[in-house]
Amino acid sequence: MNVLLPRTVSEACEMLSRAEAPVPIAGGTDLFVHWPQKSQRRESTADSKMAFVDLSGLGELRAHRWTQKSLVLGALTTYWDLIQDPTIQAELPLLRSAARQVGAVQIQTRGTWAGNIMNASPAADGVAVLMAYDARLVLRSVRGTEELPLSDFYLGYKVMRRRPDQLLTEIHIPRERLDFQLFEKVGSRAAQAITKVGLAITRQENSWRVVTNSVAPTVCRCPALELFLASGSSVQRPEDFLEPVRSDISPIDDLRSSAEYRETVLTRLLYFGLKDECSSFA
Ligand SMILES: Cc1cc2nc3c(=O)[nH]c(=O)nc-3n(C[C@H](O)[C@H](O)[C@H](O)COP(=O)(O)OP(=O)(O)OC[C@H]3O[C@@H](n4cnc5c(N)ncnc54)[C@H](O)[C@@H]3O)c2cc1C
């Protein structure tokens, strides 16, 4: 196995550009889950050309910082780093709610927000709240720096707008006054559970962000629901959300739950989560 240990971000980008199949390692909480099987396969196939670029020595990527306009997370900022920052709860509380529900403390102290994004799981809880906060990604490579909205990053299941030589270095979250914020995670239990249905909502005046996880091939914004809420449509019961929900999501049956369950639960999360917020609700 080929493991590279860069000392600077520039050096890491050099390594990513030279390696045939580069794989950055942050906290390793996603990568190492299937490690034994994958490493056996690697030894015996062309995968042996893979180069693991261990980011742990890049102190410059660890800290998060507040600027006047945004919160900037480094690629090695963990859930725990944000849980410990009291300004997070005051200004961007959904980050804390999601962080507290990712795995348990062991995962929260190792797992990074960047790894959650780049693992591209449809169930990713961190991605849902970052998207609801209009987060932007900074991708760096030897060819330069690119910035794009997280909501445009996923193209399909595990398909991203990222070249293999690019490193996610920063996540920018705007500091805006929001009028409403909500995060809901439904799993089999409160901790150490993969999300069956997830929902993150923010509102600034009449501009809504509705983001769902575990109900489509990627974590995604829900444009039909956003329009429905902005239009002030009358809502008498959870089923009134069915039409926009069906237009936005494409849940599947799997070992954790059925598509029908996910759809039904989502309409209820929306109804009960927004009941006291929207005057158009019965
Ligand atoms: C027991 C357990 C419970 C979990 N519970 C949850 C949960 O409740 N909710 C949830 O959302 N997730 C959960 N996870 C998944 C995981 O912990 C998170 O997705 C975590 O944020 C991954 O971060 P990491 O730093 O460990 O990523 P890694 O495992 O280091 O990397 C993940 C992927 O991202 C790539 N990558 C990492 N950093 C970069 C970078 N800077 N640039 C480019 N690519 C990069 C890696 O190459 C890899 O493909 C759980 C995992 C375990 C093992």
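Whatever order the structure lists ligands and atoms in, that order sets their numbers, starting from 1. Heads up: numbering here begins at 1 and tracks the sequence. Worth saying up front: this structure is predicted, and the values here are computed from it rather than measured.
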Colleague: Report yes if some N/O of N116 lies less than 3.5 Å from some N/O of ligand 1; otherwise report no.
Modeller: yes
Colleague: As an exercise, identify every atom of ligand 1 less than 4.0 angstrom from a heavy atom of A75.
Modeller: 41 (N)
Colleague: May I ask you to list the atoms of ligand 1 that are less than 4.0 angstrom from any heavy atom of Q101?
Modeller: 8 (O)
Colleague: Taking R162 first and then E146, would you say they form a salt bridge - that is, a charged N and a carboxylate O separated by under 4.0 Å?
Modeller: no
Colleague: Would you say the side chains of N116 and Y79 form a donor-acceptor pair under 3.5 Å?
Modeller: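 Note: N116 and Y79 side chains meet the donor-acceptor criterion.
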Colleague: Are the side chains of I117 and L168 in touch, meaning some heavy atoms are under 4.5 Å apart?
Modeller: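 I117 reaches L168 side chain to side chain.
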Colleague: Taking 4.0 angstrom as the limit and counting only heavy atoms of V33, give me the atoms of ligand 1 inside it, by number and element.
Modeller: 53 (C)
Colleague: Under 3.5 Å, is there a donor-acceptor pair between the Y133 and Q181 side chains?
Modeller: yes
Colleague: Among I25, L76, L168, which residue places a heavy atom closest to atom 41 (N) of ligand 1?
Modeller: L168
Colleague: Does Y157 OH have over 12 foreign heavy atoms under 6.0 Å away?
Modeller: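 No, not enclosed.
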Colleague: Could you list which atoms of ligand 1 come closer than 4.0 Å to a heavy atom of L167?
Modeller: 40 (C), 41 (N), 42 (N)
Colleague: In the protein, what heavy atom is nearest to atom 21 (O) of ligand 1, and what distance, to one decimal place, separates them?
Modeller: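 Ranking protein heavy atoms by distance from atom 21 (O) of ligand 1, first comes Y79 OH, 2.5 Å.
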Colleague: Pull out every atom of ligand 1 sitting under 4.0 Å from any heavy atom of A193, numbered as shown with elements.
Modeller: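 Counting from 1, the qualifying ligand atoms are 8 (O).
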Colleague: Considering only protein heavy atoms, which is closest to atom 52 (C) of ligand 1, and at what distance to one decimal place?
Modeller: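 Looking at atom 52 (C) of ligand 1, the protein heavy atom closest to it is I107 CD1, 3.6 Å.
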Colleague: Are any of the N/O atoms in A114 less than 3.5 Å from those in ligand 1?
Modeller: no
Colleague: Is A26 in polar range of ligand 1, meaning some N or O pair under 3.5 Å apart?
Modeller: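 N/O-N/O distance below 3.5 Å exists for this pair.
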Colleague: Counting from 1, what ligand 1 atoms have a heavy atom of A124 closer than 4.0 Å?
Modeller: 11 (O)
Colleague: Write out the residue and atom name of the closest protein heavy atom to atom 34 (O) of ligand 1, then the distance separating them to 0.1 Å.
Modeller: M118 CB, 3.3 Å
Colleague: Determine, considering heavy atoms only, which of L139, N119, D30 sits nearest to atom 19 (O) of ligand 1.
Modeller: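 Among L139, N119, D30, the closest heavy atom to atom 19 (O) of ligand 1 comes from D30.
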Colleague: More than 12 heavy atoms of other residues, nucleotides or ligands under 6.0 Å from CD of E147: is that the case?
Modeller: yes
Colleague: Are side-chain N/O atoms of T8 and S10 paired as donor and acceptor at under 3.5 Å?
Modeller: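 Their side chains do not contain a donor-acceptor pair, so the 3.5 Å distance test is not met.
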Colleague: Would you mind checking which non-hydrogen protein atom is closest to atom 13 (C) of ligand 1, with the distance to 0.1 Å?
Modeller: V102 CG1, 4.0 Å
Colleague: Which residue supplies the protein heavy atom nearest to atom 3 (C) of ligand 1, what is that atom called, and how far is it?
Modeller: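 Scanning the protein heavy atoms, the shortest distance from atom 3 (C) of ligand 1 goes to Q192 OE1, 3.5 Å.
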Colleague: Among all residues two or more places apart in sequence or in another chain, which pass the side-chain contact (heavy atoms from CB on, under 4.5 Å) test with L5?
Modeller: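 side-chain contact (heavy atoms from CB on, under 4.5 Å) list for L5, sorted by chain: D54.
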Colleague: Should G27 be counted as touching ligand 1, given the test is an N or O pair under 3.5 Å?
Modeller: yes
Colleague: Evaluate L31 for polar contact with ligand 1, using N/O atom pairs at a separation under 3.5 Å.
Modeller: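 Yes, there is a polar N/O contact under 3.5 Å.
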Colleague: Do you see a donor-acceptor pair shorter than 3.5 Å between the side chains of H64 and D85?
Modeller: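 The answer is yes; a qualifying pair exists.
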Colleague: Check for me whether the distance between the ring centres of F241 and F228 falls short of 6.0 Å.
Modeller: yes
Colleague: Suppose we measure from atom 5 (N) of ligand 1 to each protein heavy atom; which comes out shortest, and what is that distance?
Modeller: G103 N, 3.2 Å
Colleague: Polar contacts were defined as any N/O atom of the residue lying under 3.5 Å from an N/O atom of the ligand; does this apply to K185 and ligand 1?
Modeller: yes
Colleague: Any luck finding a side-chain donor-acceptor pair between R62 and T77 under 3.5 Å?
Modeller: no
Colleague: For the residue pair T202 and Q204, confirm or rule out a side-chain donor-acceptor distance under 3.5 Å.
Modeller: no
Colleague: Under 3.5 Å between some N or O of ligand 1 and some N or O of G28?
Modeller: yes
Colleague: Which residue owns the protein heavy atom closest to atom 27 (O) of ligand 1, what's the atom, and how far is it?
Modeller: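 Residue, atom and distance for the closest contact: G115 CA, 3.5 Å.
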Colleague: Provide, to 0.1 Å, the distance between atom 23 (O) of ligand 1 and the closest protein heavy atom, together with that atom's residue and name.
Modeller: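 Nearest neighbour among protein heavy atoms for atom 23 (O) of ligand 1, to 0.1 Å: T112 N, 3.2 Å.
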Colleague: Taking CZ in R175 as the centre, count heavy atoms belonging to other residues, nucleotides or ligands within less than 6.0 Å. Is the count above 12?
Modeller: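 It does: R175 CZ has more than 12 such atoms within range.
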Colleague: Please determine which of V219, D134, I173, L137 meets the side-chain contact (heavy atoms from CB on, under 4.5 Å) test together with L150.
Modeller: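 Exactly one pass, corresponding to L137.
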Colleague: Measuring from atom 20 (C) of ligand 1, which candidate in T29, V127, T195 has the nearest non-hydrogen atom?
Modeller: T29
Colleague: So, is D125 polar-close to ligand 1, with some N/O to N/O distance under 3.5 Å?
Modeller: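 Yes, there is a polar N/O contact under 3.5 Å.
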Colleague: Mind running side chain to side chain contact (heavy atoms under 4.5 Å, CB included) on D165 and R143 for me, showing each step along the way?
Modeller: CA-CA 9 Å; D165 69 334; R143 296 197 243 169; 3.6 Å; yes
Colleague: Looking only at distances, please establish whether an N/O atom of ligand 1 is found under 3.5 Å from an N/O atom of P24.
Modeller: yes
Colleague: Quick one: CG on L182 to CZ on R203, what's the gap to the nearest 0.5 Å?
Modeller: 12.0 Å
Colleague: Give the atoms of ligand 1, by number and element, whose distance to some non-hydrogen atom of V23 is under 4.0 Å.
Modeller: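 Ligand 1 atoms under the 4.0 Å threshold to V23: 47 (O).
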Colleague: Can you name the atoms of ligand 1, numbered from 1 with element, that are less than 4.0 Å from a heavy atom of L55?
Modeller: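 Near L55, the atoms of ligand 1 are 41 (N).
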